[in-house]
Amino acid sequence: MFDRRADLKLIRRCKLGEEAAFQEVLTRYRAAIYNLCWRMTRNDEDARDLAQEVFIKVFTLLDRYDEQYAFSSWLFRIATNHCIDHLRRQRLRMLSLERDGGSDDEEAEMQIPADGPQPDVVMQRREALEKLEEVIADLPPHYRVITLLRHDQQLSYEEIAETLQLPLGTVKARIHRARNMIQQILAARKYEI
Amino acid sequence: MSEQHSREAPHLTCVECQRSLQEYLDGGLEKPESMRVFLHVRDCTDCAEELGRIEQLVALLESLPEREPPAEFDARILASVPYDSYRAMAGLRRARVPVFLEEESLPAWMRARAVRYAGTAIAVVAVAARLTGLLPDTAVTTVVAAAGLVPGAAYALQGMARRLVLALGQSGERA
């Protein structure tokens, strides 16, 4: 989806200290990273802070970027790890304040609240999208992120494998499982989309 | 699960089919496998319905509304970039090669070892057959031999040029 060669040229200009090149990288990826962070947190302030921290980290660590991989993969890897770390810290804080709960580990059991709107409610498309965003936000973080990379950022399976440093088979299995989880949650909440 | 499909497409069960539906939709299946899924779905009501559900879900997932970052988003980021450090370090960096000499600038199929070796083997066989008289001296023989050499030759030439540029850059730095 992203132009690997154009990115490489741009990153090399960044490494020369060209201010315009940094602005161009930001313009190219700001919406993608901000939206990823927003959908991972569903909070405007958290999304803004996380996305800014991701870019600051990337722009100060460009020397560590290995040019044999796509820049977009490296950027998304940093962003996904940063979001997952944030969710872990947030959960730990919640646990210390409230009560015990499950792990956010990828194999964690999902809690599927059964309450929801009546099945005969006719939903508009906007409502359907809002409900879908809500359901995505309730996926365990590793499944949430893979769903967003595939469907929101429209990365290929190979790009996701490179981004998350996972075998291709694992990527396919997780996407498949994430989609099943979404369907299960939609059914449990009686959401019709 | 319908029984109809089990007679007409005995090699693909509903479980196997549903496991492949996502890749089928993404166009990630090989053609024969894709055809098997297509035929199964055509004849199996359950799997056709499941495919419809997935298509609907994927269409919705891919149309989630995009959110704009806040207006002041860029300023904090750009203010934190250590431009001066990058400029100071620029002269110390290892010599770089132009992007078109990077391995990735060649198409993946041309870089694939199997393609290069197979192409070279075809070229060698074509030339040998021509020299021993097994094949006539026609334009087709020449074209086949030349085409076979293209992936291997392009890969090798690019590698040589890259090494040359790097060597020149390093000797320039030492000077």
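Naming: A, B, ... by sequence-line order, numbering from 1 per chain. Everything quoted here is computed from the prediction, not taken from an experiment.
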Has the side chain of Thr170(A) got a donor or acceptor atom that lies under 3.5 Å from a matching backbone atom of Leu166(A)?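 Judged by distance alone, no pair lies under 3.5 Å.
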Ignoring hydrogens and geometry, is there a side-chain-to-backbone donor-acceptor pair from Arg77(A) to Glu162(A) under 3.5 Å?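 Side chain of Arg77(A) to backbone of Glu162(A), a donor-acceptor pair under 3.5 Å: yes, one is there.
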Does the pair Glu134(A)/Arg189(A) count as a salt bridge with the N-to-O cut at 4.0 Å?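 Arg189(A) and Glu134(A): salt-bridged.
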Among [options], residue most engaged with chain B (heavy-atom pairs, under 4.5 Å):
options: Glu19(A), Gln183(A), His176(A); answer: Glu19(A)
options: Leu62(A), Thr147(A), Asn180(A); answer: Leu62(A)
options: Arg30(A), Arg4(A), Lys172(A); answer: Arg30(A)

Trace of the side chain to side chain contact (heavy atoms under 4.5 Å, CB included) decision for Tyr29(A) with Asp7(A): CA-CA 11 Å; Tyr29(A) 286 103; Asp7(A) 279 351; 2.3 Å; yes
What about the rings of Tyr83(B) and Phe22(A), do their centers lie closer together than 6.0 Å?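 Yes: the rings meet the under 6.0 Å criterion.
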Given that the side chain runs from C-beta out, which part of [X] has a heavy atom under 4.5 Å from chain B: side chain, backbone, both or neither?
X: Leu186(A); result: side chain
X: Leu168(A); result: neither
X: Gln23(A); result: both
X: Ala51(A); result: both
X: Thr27(A); result: neither
X: Ile33(A); result: neither
X: Leu26(A); result: side chain

Gap between atom CZ of Phe76(A) and atom CG of Leu148(A) - 0.5 Å precision: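 Nearest 0.5 Å value for the CG-CZ distance: 10.0 Å.
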What distance do Thr41(A) atom OG1 and His86(A) atom NE2 have between them, rounded to the nearest 0.5 Å?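 So the OG1 of Thr41(A) and the NE2 of His86(A) are separated by 6.0 Å.
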Any idea which of Glu68(B), Arg53(B), Glu72(B), Glu23(B) has the most non-hydrogen atom pairs under 4.5 angstrom with chain A?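 The residue among Glu68(B), Arg53(B), Glu72(B), Glu23(B) with the greatest pair count is Glu23(B).
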Check the pair Arg67(B) / Asp44(A) against salt bridge (Lys or Arg N to Asp or Glu O under 4.0 Å), numbers first and verdict last. CA-CA 10 Å; Arg67(B) 282 175 169 73; Asp44(A) 291 346; 5.3 Å; no
Is Gln56(B) close to chain A through its backbone or its side chain, or both, or neither, when contacts mean heavy atoms under 4.5 Å?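 Only the side chain of Gln56(B) comes within 4.5 Å of chain A.
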Please state whether the side chain, the backbone, both or neither of Glu50(B) comes within less than 4.5 Å of a heavy atom of chain A.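 For Glu50(B), side-chain heavy atoms alone lie under 4.5 Å from chain A.
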Taking everything shown except Tyr65(A) itself, do over 12 heavy atoms lie less than 6.0 Å from its OH?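 Counting other residues, nucleotides and ligands, OH of Tyr65(A) exceeds 12 neighbours.
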